Amino acid sequence: MKETCQSKRSILAVLAVIVGLFMIAVAPFLIQTSLERVIAALQVVSAEKPAYSSGILLFSYAFPLYRGLIFMGGIALLLLARPIYRGEEWTYPVALLASAIPSAGGMFMFMPYVSFVDGFPVPMIVSFVGLAFFWSLILLRNVNKWIKWGQFLALTFAGMLSTHAFITGIGNLRTLLTRPDKPFYNGLGWWVLSWSQPIQWICVILLFIAIYQIAARKFSGWWLALVSVTSLVAIDVPMQIIRLTLTDSTAWDYSYGLPMIIGLFFVLLHPKFKNALIHEEECSCKNKG
């Protein structure tokens, strides 16, 4: 951050304060408003489609969980404003992780509006505010163009993929909670859901860690991202085939993440982007080894 001029650091510090205050004082109320709309809509939908009734329980936990994470991320950004202004390098990965939470969380909370909630998608405000700081922090730094655009693409794809994996995990669990033969699993089409569900959420955790580590240009970040994206394609493709051929499902949910998977694979494996994502000292150590 020292290489970034003082004027840009000042802009980022001000943005950290504004976005931090938004995450602490505004986003929680927007999330509560959205949650109540989602629950009200689910009560109507579940009266006709009982399989959706489990969504009330899941969203009642998932929305507050993200709200808590967003609140703490806002506290982090407020505390980071001064060190960002001074150009302390350690602030970059921390601030990116803090702003990735509302970006991904807002996008997750937006998805019910696509399916069954009418009206303006309130969570998109949370997502866009988080993204505004997330992208500004990446693009305003004075660094090599391969580092800048490699991180922009890798971190954006990782964040989008974490959202898709979290949504897919929620969908898996919602379906499992209302399966006809509960507590048993009647056939391959059902028990694979219990296989996929934890993998989705484990990958969410790994991708958030990868965002921090990639921002710090650590080899471990590149590796965690590669493990996560490979795990997701290895479970999502067979799941899509099984659900379409062995069950009554007609949804293509597992395929929606493929553009992000392909994009992240490309950035991680492209030689120039890969070298840019890993610090030269770590690359030298790997080569010596």
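Just so you know, these numbers use all the heavy atoms, side chains as well, and skip hydrogens, waters and symmetry mates. Predicted, not measured: the structure shown is a model, and the values here were computed from it. In what follows, residues are counted from 1 in the order of the sequence shown.
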Closest non-hydrogen atom pair between [X] and [Y], with its separation:
{"X": "Phe273", "Y": "Gly150", "answer": "CD2-CA, 3.4 Å"}
{"X": "Ser162", "Y": "Val204", "answer": "O-CG2, 3.4 Å"}
{"X": "Val122", "Y": "Arg37", "answer": "CG2-NH1, 3.4 Å"}
{"X": "Ala81", "Y": "Val17", "answer": "CB-CG2, 3.6 Å"}
{"X": "Val126", "Y": "Ala27", "answer": "CG2-CB, 4.2 Å"}
{"X": "Met23", "Y": "Ala98", "answer": "CE-O, 3.6 Å"}

State whether the side chain of [X] and the backbone N or O of [Y] hold a donor-acceptor pair below 3.5 Å, judged by distance alone.
{"X": "Ser127", "Y": "Ser103", "answer": "yes"}
{"X": "Gln151", "Y": "Trp146", "answer": "no"}
{"X": "Thr230", "Y": "Val227", "answer": "no"}
{"X": "Thr91", "Y": "Gly87", "answer": "no"}
{"X": "Arg179", "Y": "Tyr185", "answer": "no"}
{"X": "Ser54", "Y": "Arg174", "answer": "yes"}
{"X": "Ser136", "Y": "Phe133", "answer": "no"}
{"X": "Lys148", "Y": "Leu139", "answer": "yes"}

In Å, rounded to the nearest 0.5 Å, how long is the span from [atom1] of [X] to [atom2] of [Y]?
{"X": "Leu264", "Y": "Leu268", "atom1": "CG", "atom2": "CG", "result": "4.0 Å"}
{"X": "Phe120", "Y": "Thr33", "atom1": "CZ", "atom2": "OG1", "result": "12.0 Å"}
{"X": "Ser231", "Y": "Leu206", "atom1": "OG", "atom2": "CG", "result": "7.5 Å"}
{"X": "Ile70", "Y": "Ile31", "atom1": "CD1", "atom2": "CD1", "result": "4.0 Å"}
{"X": "Trp223", "Y": "Ile214", "atom1": "CH2", "atom2": "CD1", "result": "13.5 Å"}

Report whether [X] and [Y] are members of the same hydrophobic cluster (ILVMFWY, side-chain heavy atoms less than 4.5 Å apart, transitive linking).
{"X": "Phe59", "Y": "Ile56", "result": "yes"}
{"X": "Leu207", "Y": "Phe265", "result": "yes"}
{"X": "Leu58", "Y": "Phe116", "result": "yes"}
{"X": "Leu12", "Y": "Phe128", "result": "yes"}
{"X": "Phe266", "Y": "Leu277", "result": "yes"}

| Looking at residues at least two apart in the chain, or sitting in another chain, which of them share a side-chain contact (heavy atoms from CB on, under 4.5 Å) with Phe71? |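 Per chain and number, Phe71 pairs via side-chain contact (heavy atoms from CB on, under 4.5 Å) with Ile24, Ile75.
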
Answer yes or no: are there more than 12 heavy-atom neighbours, outside [X] itself, under 6.0 Å from its atom [atom1]?
{"X": "Trp201", "atom1": "CH2", "result": "yes"}
{"X": "Glu48", "atom1": "CD", "result": "no"}
{"X": "Tyr85", "atom1": "OH", "result": "no"}
{"X": "Asp181", "atom1": "CG", "result": "yes"}
{"X": "Tyr61", "atom1": "OH", "result": "no"}

| request: Hey, can you tell me if Phe152 and Trp149 have their rings parallel, tilted or perpendicular (30° and 60° cut-offs)? | output: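 The rings of Phe152 and Trp149 stand perpendicular, inter-plane angle above 60°.
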
| request: Can you sort out the partners of Asn172 under side-chain hydrogen bond (donor to acceptor under 3.5 Å, both in side chains), two or more places apart, ordered by chain and number? | output: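 Testing Asn172 for side-chain hydrogen bond (donor to acceptor under 3.5 Å, both in side chains), a comparison that skips the adjacent residues, returns Ser196, Tyr254.
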
| field | Results of side-chain hydrogen bond (donor to acceptor under 3.5 Å, both in side chains) for Thr156 - residues two or more places apart only | value |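 Applying side-chain hydrogen bond (donor to acceptor under 3.5 Å, both in side chains) to Thr156 gives Trp135.
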
| task | Return each pair, listed once, that meets side chain to side chain donor-acceptor pair (under 3.5 Å) where at least one residue sits in residues 15-31; pairs must be two or more places apart or across chains. | result |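 Of all non-adjacent pairs touching residues 15-31, none passes side chain to side chain donor-acceptor pair (under 3.5 Å).
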
| Which side chain to side chain donor-acceptor pair (under 3.5 Å) pairs, counting each pair once, include a residue from residues 14-25, with sequence neighbours left out? |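 Sorted pair list comes back empty.
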
| query | Are Leu161 and Ser228 close enough, and set up right, to give a side-chain contact (heavy atoms from CB on, under 4.5 Å), and what steps lead you there? | reply | CA-CA 9 Å; Leu161 201 53; Ser228 300; over 6 Å; no

| task | Please step through side-chain hydrogen bond (donor to acceptor under 3.5 Å, both in side chains) for the pair Asn142 and Lys8, ending with a clear verdict. | result | CA-CA 9 Å; Asn142 291 338; Lys8 289 183 178 179; 3.2 Å; yes

| Criterion side-chain hydrogen bond (donor to acceptor under 3.5 Å, both in side chains) on Tyr256 and Thr168, from CA distance to verdict | CA-CA 10 Å; Tyr256 297 155; Thr168 303; over 6 Å; no

| Going by atom types only, do Gln32 and Arg67 share a side-chain donor-acceptor pair under 3.5 Å? |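 Yes, a side-chain donor-acceptor pair sits under 3.5 Å.
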
| said: Which residues pass the ring-ring contact (aromatic ring centres under 6.0 Å, His included) test with Phe108, not counting sequence neighbours? | reply: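 ring-ring contact (aromatic ring centres under 6.0 Å, His included) list for Phe108, sorted by chain: Phe63, Tyr66, Phe166.
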
